[in-house]
Amino acid sequence: MGSRSPRYRSRSAGQPELGWNRASFDSRPNGAGVSCSWWMEELEMASDNLERVRHSLGHVMAEAVLSLFPEAKFGIGPDIDTGFYYDFDLPRALTPEDLAEVEKRMRAILKEGRRFQRSEIPRDDALRQFADQPYKLELIHDLPEDEAISTYAQGRFVDLCRGPHVESTKEIDARAFKLLSIAGAYWRGDEKRPMLQRIYGTAWETKDELDAYLKRLEEIERRDHRRLGRELDIFSVDPDIGAGLILWHPNGATIRQEIERFWVDEHRKRGYQLVYTPHIASERIYEISGHLETYADGMYAPMDIDGQPYRAKPMNCPGHVRIFQSHTRSYRDLPIRLAELGTVYRYERSGTLHGMLRVRGFTQDDSHIFCRPDQLVAEVNGVLDLTFFMMDTFGYTYKAYLATRPEKYIGTDEQWEFATEALRQVLEDRGMEYEVDEGGGVFYAPKIDIKLYDAVGRDWQGPTCQVDLNEPERFDITYAGDDGQEHRVIMVHRTVLGSMERFIGGLIEHYAGAFPVWLAPTQVAVIPIADRHVEYAKTVADGLLQASLRVRMDDSGDRMNAKIRKAQLERIPYMLVVGDREAEAGAVAVRLRSGEDLGAMPVAEFEEMALKAVREKAQV
RNA sequence: GCCACCCUAGCUCAAUGGCAGAGCAGACGCUUCGUAAGCGCCAGGUUAUCGGUUCAAGUCCGAUGGGUGGCUCCA
């Protein structure tokens, strides 16, 4: 693909973008019983009133902080999806104890039943009134000359603010908010400017809603892929290997191999050709591609090979382009779809690294489709077919966005028009609901982005499909048309999973560690009740192993109950308990990780059932 | 990278500046058990690393590495 990767909105960044969810959560580790997302609706229903409550609480918090720190300087304090925050410049760092004290003072203020009073004041008065508040002064200076400047007063405390607010603090349920965390935040998001201290709070209409939200945060913590990754022995990160570099343990490697196998099969079926490209390349290729110009910050320093600078590969596209260009291509050859599970290395600032979700080396499921203009619509359609098929398989729901030309862009208006319309046509023809993300494209490409919603209703940046307007020019990629002339190739970049690291990290949370049978590192645990059953258990396990099931037989000295508990904690889909009765009958007693007891059945019957679940990639 | 905080056994956590401990996991022994933890015993540590203050540092100070929550940025 081109010089910039698709925009990703990290769900791990910022306060979790979560709404309140009615679904009750099962605290057991298999995560059974978590139902899907009402939360989006809940968010949309979040009334104007709730926004006013949240914003008003921001002011109340500001007053509480001021009473604690008379020298406090104020930044901004808006309401957000789940509450509010306010940025302060304070003489010292805040501690968790301060948070408790601020919260206490807020409750006292709420109790007083303050009225919020709006005033519109002349600019000069505003400048005078906030003379000792440099950040507020800056905000005032940036307001248009003709715009009225308004302030809100709640008793003695006055803040520059557009509003609106509740009438009185009596409208706020003092039990329905909570201060959550302290974080650094640059003034106006600019890292060259001072770093302020931000206090995040969450606020709801009622205490029940607050409790539901806090419970939801706990559920999300239980699903955290870093925690489950360690507990389920899926991956680790070792400081001596390096931050942001993932070690895939056998369990993680099994999951990854199954997904990669699935991915390879589906791509072959759909006419993709698989390729491999090297992990390092001469700098020359990145001069041609333009990455050295536009992506240098994301690339590692050059290494010297025989006096020539080489770089770790940050993108797969140049290699794919060169494979395409290794022959002259005729219009009859197109489309050519090159795909690679291509490992790339990109510099990420240390503070942004996060488990498997944000790393410095990762494997993209990358593909570049080289086609003629008249093939573009069909190709994009094919990409979406594949995309939705795979996302359905993993049980994600999704929403499509058409991202159009941004302010800064390269290429001609005609190119943008052509490419954007092709994408739009595909979405229209499919009768899909989609939103237009005006100006949300990358500088070299319009694109279709798919946002995924997981089992607890969180959104993730998912598949993306871009019509690259940069590299065909830079590399001068052409084919011979039926007129014997050279024509410019259309190049589609697309990824379905994104990267194996991020996708599987997300899957861990989506499934809460309880992978469907086809992905489960161990699919079957055979549990002999007493030592005399071990021999029979071995026979059963061997048989299933020969049938290509991933089986483990537990011949430890533990009691059956303990063996079951261990298997449960590992989220093993099937537990086969074998005792005298089963050995006698050539049967196994099947327990599912949901706790359901299917009773005894012949081994052959179980084998068939399990293989069917694998084959169908059943969501159990 | 920046701000704040954190780093004690594989994991989760104790220990006023004064003898480094527990539970789980692990090894071993006993128990042979019918759907989520049987009992006992043993082992496990240069308290992330390096340096400093102190009679004495897990504890106080500094640096480095790593992590957490954010900011910024992204697959």
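Note: hydrogens, waters and symmetry copies are ignored here, and every other heavy atom, side chains too, is used. Labels below follow one simple rule: chain letters A, B, ... track the order of the sequence lines, proteins then strands, and each chain is numbered from 1.
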Query raised in the report: Contact class for A:Ala567 vs. all strands (heavy atom < 4.0 Å): base, sugar-phosphate, or nothing?
Result: nothing
Report task. For the residue pair A:Gln523 and A:Phe515, establish whether any side-chain heavy-atom pair is separated by less than 4.5 Å. Result -> no
Requested in this report: Side chain of A:Tyr186 only, please: which of B:rU35, B:rG70, B:rC71 is the nearest?
Outcome: B:rC71
Query - Aromatic plane relationship, A:Tyr86 with A:Phe88 - under 30° parallel, 30 to 60° tilted, over 60° perpendicular - result: parallel
Report task. Please state the C1' separation for the pair B:rA14 and B:rC71 - nearest whole angstrom. Result -> 35 Å
Requested in this report: Report yes if the side chains of A:Leu338 and A:Ile369 come closer than 4.5 Å at any heavy-atom pair, otherwise no.
Outcome: no
Report summary line: Given the options A:Asp554, A:Asp558, A:Asn561, A:Lys566 meets side chain to side chain donor-acceptor pair (under 3.5 Å) only with A:Asp558
Query raised in the report: Could you state the CG-C1' distance from A:Asp554 to B:rA36, rounded to the nearest angstrom?
Result: 13 Å
**Report entry** Candidates B:rA36, B:rU72, B:rG66 - which lies nearest the side chain of A:Ala243
**Finding:** B:rG66
Query raised in the report: Does OP1 or OP2 of B:rA36 have a side-chain N or O of A:Arg593 closer than 4.0 Å?
Result: no
Query raised in the report: When all nucleic acid strands are considered with a 4.0 Å heavy-atom cut-off, which category describes A:Gly351: base, sugar-phosphate, or nothing?
Result: base
Query raised in the report: Quick one: does A:Tyr347 reach the base of B:rG1 with a side-chain donor-acceptor pair under 3.5 Å?
Result: no
Query raised in the report: Hey, do the aromatic rings of A:His510 and A:Tyr396 have their centres closer than 6.0 Å?
Result: yes
Query - Phosphate-side-chain proximity, A:Arg358 and B:rG67, N/O vs OP1/OP2 below 4.0 Å - result: no
Report task. Looking at every strand, decide which applies to A:Arg581 at a 4.0 Å heavy-atom threshold: base, sugar-phosphate, or nothing. Result -> base
Requested in this report: Check each of A:His493, A:Glu471, A:Gln466 against A:Tyr444 using the side chain to side chain donor-acceptor pair (under 3.5 Å) test, and report the only one that passes.
Outcome: A:Gln466
Requested in this report: Would you mind reading off the distance between A:Trp187 atom CH2 and B:rG70 atom C1', rounded to a whole angstrom?
Outcome: 17 Å
Report task. Return the value, rounded to whole Å, for the distance between atom CG of A:Asp297 and atom P of B:rG1. Result -> 14 Å
Query raised in the report: Whole-Å distance between B:rC33 P and A:Ile529 CD1?
Result: 9 Å
Query raised in the report: In which ranges does RNA chain B form stems of 3 or more consecutive Watson-Crick or G-U pairs, distances under 3.5 Å?
Result: B:1-7 with B:65-71, B:10-13 with B:21-24, B:28-30 with B:38-40, B:48-52 with B:60-64
Requested in this report: May I ask you to evaluate whether A:Ser181 reaches the phosphate of B:rG70, defined as a side-chain N or O under 4.0 Å from OP1 or OP2?
Outcome: no
Query raised in the report: What integer number of Å spans the C1' atoms of B:rC19 and B:rU53?
Result: 23 Å
Report summary line: Rounded to whole Å, NZ of A:Lys192 lies from C1' of B:rC71 at a distance of 14 Å
Report task. Could you check how far CE of A:Met575 sits from P of B:rG34, rounded to whole Å? Result -> 18 Å
Query raised in the report: Checking all strands, does A:Asp531 fall into the base, sugar-phosphate, or nothing category for heavy-atom contacts under 4.0 angstrom?
Result: base
**Report entry** Candidates B:rC74, B:rG69, B:rC3 - which lies nearest the side chain of A:Glu348
**Finding:** B:rC74
Query raised in the report: Do the side-chain N or O atoms of A:His533 get closer than 4.0 angstrom to the phosphate oxygens (OP1, OP2) of B:rC33?
Result: no
Report task. For B:rC60 and B:rG1, measure between their P atoms and round to the nearest Å. Result -> 25 Å
Report task. Quote, to the nearest angstrom, the C1' distance that separates B:rU16 from B:rC2. Result -> 36 Å
Query raised in the report: A:Arg591 side chain N/O closer than 4.0 Å to the phosphate oxygens (OP1, OP2) of B:rA36?
Result: yes
Query raised in the report: Touch check for A:Ala185, heavy atoms < 4.0 angstrom, all strands: base, sugar-phosphate only, or nothing?
Result: sugar-phosphate
Query raised in the report: At under 4.0 Å between heavy atoms, what does A:Arg198 touch on the DNA or RNA strands: base, sugar-phosphate, or nothing?
Result: sugar-phosphate
Requested in this report: Whole angstrom is fine here: how far is it from CD in A:Glu221 over to P in B:rU68?
Outcome: 13 Å
Requested in this report: Using the six-membered ring of A:Tyr85, assess whether NZ or CZ of A:Arg198 lies under 6.0 Å from its centre and within 45 degrees of the ring axis.
Outcome: yes
Query raised in the report: Does A:Arg193 make a side-chain N or O approach to OP1 or OP2 of B:rC71 shorter than 4.0 Å?
Result: no
Query raised in the report: Regarding A:Arg405 and the six-membered ring of A:Tyr409, is the cationic atom NZ or CZ under 6.0 Å from the ring centre and inside 45° of its axis?
Result: yes
Requested in this report: Check every strand shown and say whether A:Val344 touches a base, only sugar-phosphate, or nothing at a heavy-atom separation below 4.0 Å.
Outcome: nothing
Report task. Kindly say if A:Tyr200 contacts the phosphate of B:rC71, meaning a side-chain N or O under 4.0 Å from OP1 or OP2. Result -> yes
Query raised in the report: Roughly how far apart, to the nearest Å, are B:rG51 and B:rG65 at atom C1'?
Result: 15 Å
Query raised in the report: If we ignore angles and hydrogens, is there a donor and acceptor under 3.5 Å between the side chains of A:Asp454 and A:Trp460?
Result: yes
Query raised in the report: Parallel, tilted or perpendicular: which fits the ring planes of A:His368 and A:His320, with parallel below 30° and perpendicular above 60°?
Result: perpendicular
Query raised in the report: Would you say the base of B:rG34 and the side-chain of A:Glu582 have a donor-acceptor pair closer than 3.5 Å?
Result: yes
Query raised in the report: Touch check for A:Gly298, heavy atoms < 4.0 angstrom, all strands: base, sugar-phosphate only, or nothing?
Result: nothing
Requested in this report: Look at the side chain of A:Arg230 and decide which nucleotide, out of B:rU72, B:rU35, B:rC11, has an atom nearest to it.
Outcome: B:rC11
Output side-chain donor-acceptor pairs under 3.5 Å for residues 233-247 of chain A, partner residues at least two apart or in another chain, one line each.
unit_1	atom_1	unit_2	atom_2	d
A:Asp233	OD1	A:His249	ND1	2.6
A:Ser236	OG	A:His249	NE2	2.7
A:Asp238	OD1	A:Asp240	N	2.6

Query raised in the report: Parallel, tilted or perpendicular for A:Phe394 and A:Phe262, by the 30°/60° rule?
Result: perpendicular
Query raised in the report: CG of A:Asp558 versus P of B:rG34: gap in Å, rounded?
Result: 15 Å
Query raised in the report: Are any of A:Lys566's side-chain N or O atoms less than 4.0 Å away from OP1 or OP2 of B:rG26?
Result: yes
Query raised in the report: Taking the side chain of A:Arg565 as heavy atoms from C-beta outward, which of B:rA36, B:rU32, B:rC73 is closest to it?
Result: B:rA36
Query raised in the report: So does A:Arg188 get a side-chain nitrogen or oxygen closer than 4.0 Å to the phosphate oxygens (OP1/OP2) of B:rC71?
Result: no
**Report entry** Between A:Tyr453 and A:Tyr398, ring centroids under 6.0 Å
**Finding:** no
Query raised in the report: Contact class for A:Gly184 vs. all strands (heavy atom < 4.0 Å): base, sugar-phosphate, or nothing?
Result: base
Query raised in the report: Can you check ring-ring contact (aromatic ring centres under 6.0 Å, His included) on A:Tyr574 and A:Phe606, steps first, answer last?
Result: CA-CA 10 Å; A:Tyr574 299 111; A:Phe606 168 75; 5.1 Å; yes
Distances under 3.5 Å between nitrogen or oxygen atoms of protein and nucleotides 41-51 of chain B:
none

Query raised in the report: How would you label the contact of A:Arg227 with the nucleic acid (heavy atoms, under 4.0 Å): base, sugar-phosphate, or nothing?
Result: nothing
Requested in this report: Quote, to the nearest angstrom, the C1' distance that separates B:rG23 from B:rA63.
Outcome: 35 Å
Report task. With heavy atoms under 4.0 Å as the rule, sort A:Asp580 into base, sugar-phosphate or nothing. Result -> base
Query raised in the report: Can a side chain N or O of A:Arg559 be found less than 4.0 Å away from OP1 or OP2 on B:rG38?
Result: yes
